[in-house]
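Heads up: the structure comes next, in structure tokens.
In this text the structure is predicted, and so the values were computed from the model without any measurement. Per chain, numbering begins at 1; letters A, B, ... match sequence-line order.
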Number of protein chains: 2
Amino acid sequence: MRDVAALAKVSLKTVSRVVNGESGVSPRLTKRVLSASHRLAYRHNLTASTLRRSDGRSLTIGVVLEDVANPFASTLHRAIEDVAVAHKVLVLAGSSDEDPGRERQLVSAFASRGVDGLIIQPSSHDHRYLQRERNTGTAVVFVDRPPAFLVADAVVTDNAAGIRRAVQHLVEQGHRRIGYLGDVHLIATAAERHRGYVEELAEQGIEVDQSLIRLDLRGIEKAEAAATELLTSSRPPTALVAGQNLITIGAFRALRKLDLHRRVALVGFDDFVLADLLEPGITVIAQDPAAIGKTAAGVLFRRLDGDRSPWQEHTVRTRMITRGSGEIRP
Amino acid sequence: MRDVAALAKVSLKTVSRVVNGESGVSPRLTKRVLSASHRLAYRHNLTASTLRRSDGRSLTIGVVLEDVANPFASTLHRAIEDVAVAHKVLVLAGSSDEDPGRERQLVSAFASRGVDGLIIQPSSHDHRYLQRERNTGTAVVFVDRPPAFLVADAVVTDNAAGIRRAVQHLVEQGHRRIGYLGDVHLIATAAERHRGYVEELAEQGIEVDQSLIRLDLRGIEKAEAAATELLTSSRPPTALVAGQNLITIGAFRALRKLDLHRRVALVGFDDFVLADLLEPGITVIAQDPAAIGKTAAGVLFRRLDGDRSPWQEHTVRTRMITRGSGEIRP
DNA sequence: CGGACATTTGACAACGTTGTCAGAAAGACA
DNA sequence: TGTCTTTCTGACAACGTTGTCAAATGTCCG
């Protein structure tokens with residue numbers, strides 16, 4: 001910048017003004033500065049700029065995801081990026097692998113780099129530690145799951161309602177023995193979904209049969225094993241509800257191996273690519289990760305723009321996509 | 001830091017020494033500083049640190065991907081992150097959407113933030129502009145596709161060899177009329193794959209029939225249309241090679257709709273989830289994005305550690321996964 | 001033409017840290 | 001005890017910017 005100023009024969013401050021697009025520099029000088037900075041291939045140093053600025057903005061936000069390679073998370077990531085780009089902001093992303101310690105490390109590393117805001121898909125079960133970041137002016141928004149022990153903005157799927165829709169749909173097809181395969185119960189969303197299942201059965205006047213429920217299933221293999229167990233029991237279900245992506249795939253694998261995939265109904269929670277190309281196509285309650293990400297980023301930037309309204313939980317609705325597996329009658 | 005120094009009754013510089021783990025601070029003072037910084041909830045400001053340091057390291061790298069939500073790219077991303085984490089480095093990620101202008105904007109935004117290195121999945125067809133970043137000490141590594149007009153480190157899949165393996169496999173099953181569905185030819189990897197197809201046919205003594213080849217297919221729909229066209233022509237192929245992920249899916253869709261999925265063979269390039277659950281399972285030439293990412297990040301950090309050896313192109317091998325669709329005989 | 005006012009420009013300090021270098025304290029040895 | 005090392009500590013400047021404030025220049029009016 002000093003070199004540019006020298007070449008353009010103006011002061012440092014004038015160059016700064018031009019670079020930042022501040023008003024009050026005559027066109028003549030602006031042009032001189034621009035041509036000088038172009039000739040010297042000058043590049044603005046945002047590190048120094050951030051340090052000096054009164055608001056300390058780094059034009060960077062941090063995103064903590066369960067795993068950047070997971071399709072749900074990476075779609076979130078992309079939606080956030082699209083909003084960020086429109087604000088000339090870049091995205092630092094990190095994977096927590098469902099590990100609370102890792103989540104905190106990432107937040108800390110982001111904070112050290114002076115991010116303006118954080119979007120967190122939480123793994124931790126206590127977010128009071130984030131109070132410190134908020135006090136220093138960092139905006140925080142949670143996605144996919146609500147925060148614990150901290151009142152904050154969050155954008156979540158309406159999990160219970162989604163599962164209730166699935167159960168209702170199966171009852172409409174004539175099912176009464178509907179099994180449920182759920183994820184680790186400690187995860188707030190998994191608990192919500194299980195709650196939806198229980199509530200809708202009650203609503204439909206069907207008694208909950210614990211022998212048709214398997215929880216704490218992590219990954220395809222566990223789900224496949226649990227589904228196989230249910231399906232080969234003495235009083236098997238005529239339909240299955242899978243509480244998560246990989247569980248749906250595991251359940252389908254089990255159905256296929258037992259050659260029951262055209263006789264037992266299956267509705268999964270969360271859509272996945274190719275669900276339509278399986279035989280039968282898998283009926284799912286689809287979440288909308290892109291909408292979640294877009295909403296969350298929107299909230300974040302509104303906070304950064306000074307929005308001081310009360311913290312709010314935003315709910316993104318699910319959509320049922322019928323493809324065949326959920327329309328099998330008992 | 002000033003407050004910590006005051007509370008611990010030491011100088012600023014001593015706090016700095018403790019924070020950076022420099023040697024030569026007595027255990028007594030170290031302890032005092034640590035407890036003071038803990039009491040004040042002090043957080044090291046990496047922005048200021050980067051600005052002042054002689055090497056200017058920001059402990060951040062930038063990654064330009066075609067789309068962070070694309071499975072191939074996000075797997076790359078995750079593999080890079082894992083290596084970066086081990087070096088206490090964070091990852092800024094951005095999507096170029098195959099747009100050269102966007103690629104340059106991202107690189108520029110990363111450079112402004114003082115990234116130590118760049119990993120680029122290129123969309124641009126001229127990378128001379130990166131010379132400037134390299135001159136300022138930023139390490140650059142290309143992934144998935146080689147750079148153009150710039151000699152640099154790159155980590156790529158052995159595309160031609162992979163496709164040759166596919167063709168060879170189909171010939172072994174007795175096929176002679178093998179169709180090829182390829183991606184936009186401007187993309188270096190797509191051209192490589194097409195080359196592999198042509199070369200292997202020559203090797204096998206089969207004449208190339210242009211009526212069996214469709215190039216420049218972008219997305220599932222285009223691929224499906226092209227495959228349908230080939231399959232319904234007067235002299236249709238008995239086997240198809242798909243040059244990319246989405247093209248494979250499009251081709252499979254076409255086969256399914258024409259009810260030819262058990263009569264015409266299909267081998268796809270690049271694996272995808274659930275390829276094993278389709279009927280028949282899809283035989284693919286699998287790339288290894290995790291290995292590409294890991295290798296690229298390894299090269300990058302070696303460069304940052306001072307490796308001055310000549311630029312090199314690293315090749316990651318493909319693997320054929322047979323699942324049924326490629327083993328259909330004519 | 002002088003004065004009031006608006007616009008444009010620049011000098012200087014400061015952001016929070018680390019590199020340099022010199023000084024103080026502690027230990028070793030005659 | 002005095003001197004010479006060695007180890008530890010701190011004062012100060014500097015990194016590349018931007019905020020503040022005052023000075024310089026331009027414009028308009030009576």
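A/T47 pairs by the side-chain contact (heavy atoms from CB on, under 4.5 Å) definition with A/N45, B/T47, B/T50, B/L51, not counting sequence neighbours. Under the side chain to side chain donor-acceptor pair (under 3.5 Å) criterion, B/S35 pairs with no residue, sequence neighbours left out. Listed by chain and number, the residues in a side-chain contact (heavy atoms from CB on, under 4.5 Å) with B/K13 are B/S11, B/S16, B/R17, B/E22 (sequence neighbours excluded). Qualifying side chain to side chain donor-acceptor pair (under 3.5 Å) partners for A/D126, counting only residues two or more places apart in sequence or in other chains: A/R128. Take B/E98 and apply the salt bridge (charged side-chain N to carboxylate O under 4.0 Å, His left out) test, not counting sequence neighbours, and it matches B/R145, B/R218. Partners of B/H314 by ring-ring contact (aromatic ring centres under 6.0 Å, His included), not counting sequence neighbours: none found. The side chain to side chain donor-acceptor pair (under 3.5 Å) search around A/D288 returns none, not counting sequence neighbours. Partners of A/R43 by salt bridge (charged side-chain N to carboxylate O under 4.0 Å, His left out), not counting sequence neighbours, listed by chain and number: B/E133.
If you check every strand for non-hydrogen atoms under 4.0 Å, A/S49 touches sugar and phosphate atoms only. Residue A/V19 is classed as having no contact, given no heavy-atom separation below 4.0 Å to the nucleic acid.
Note on the helix from C/dC1-D/dG30 to C/dA30-D/dT1: terminal axis deviation equals 40°, with five pairs used at each end and the result rounded to 10°.
In the model, B/S58 has a side-chain atom that pairs as donor or acceptor with a side-chain atom of B/D116 under 3.5 Å. Side chains of B/E103 and B/H127: a donor-acceptor N/O pair is present below 3.5 angstrom, by distance only.
Contact detail for B/I61 and B/V115: the closest heavy-atom pair is C-CG1, 4.0 Å.
Toward the 5' end of DNA chain D, the nearer of the two residues B/R53 and B/V10, judged by each one's closest nucleotide, is B/V10. Mapped onto DNA chain D by nearest heavy atom, B/K13 and B/A48 fall at different nucleotides, with B/K13 at the one closer to the 5' end.
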What does the B/S/- profile of nucleotides 21-27 of chain D look like, 5' to 3', with a 4.0 Å heavy-atom cutoff to protein?
-------
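Atom CG of residue B/L59 and atom NE2 of residue B/H87 lie 11.0 Å apart, to the nearest 0.5 angstrom. The distance from the CG atom of A/L7 to the NZ atom of A/K9 is 7.5 Å, given to the nearest 0.5 Å.
Shown for residues 22-33 of chain B: residues whose heavy atoms fall under 4.0 angstrom of DNA chain D, namely B/G24, B/V25, B/S26, B/L29.
Put simply, CE on B/M1 is 13 Å from P on D/dG10, counting in whole angstrom units.
Close approach of DNA chain C to chain B, defined as any atom under 4.0 Å from a non-hydrogen atom of the protein, starts and stops at C/dG16 to C/dT20.
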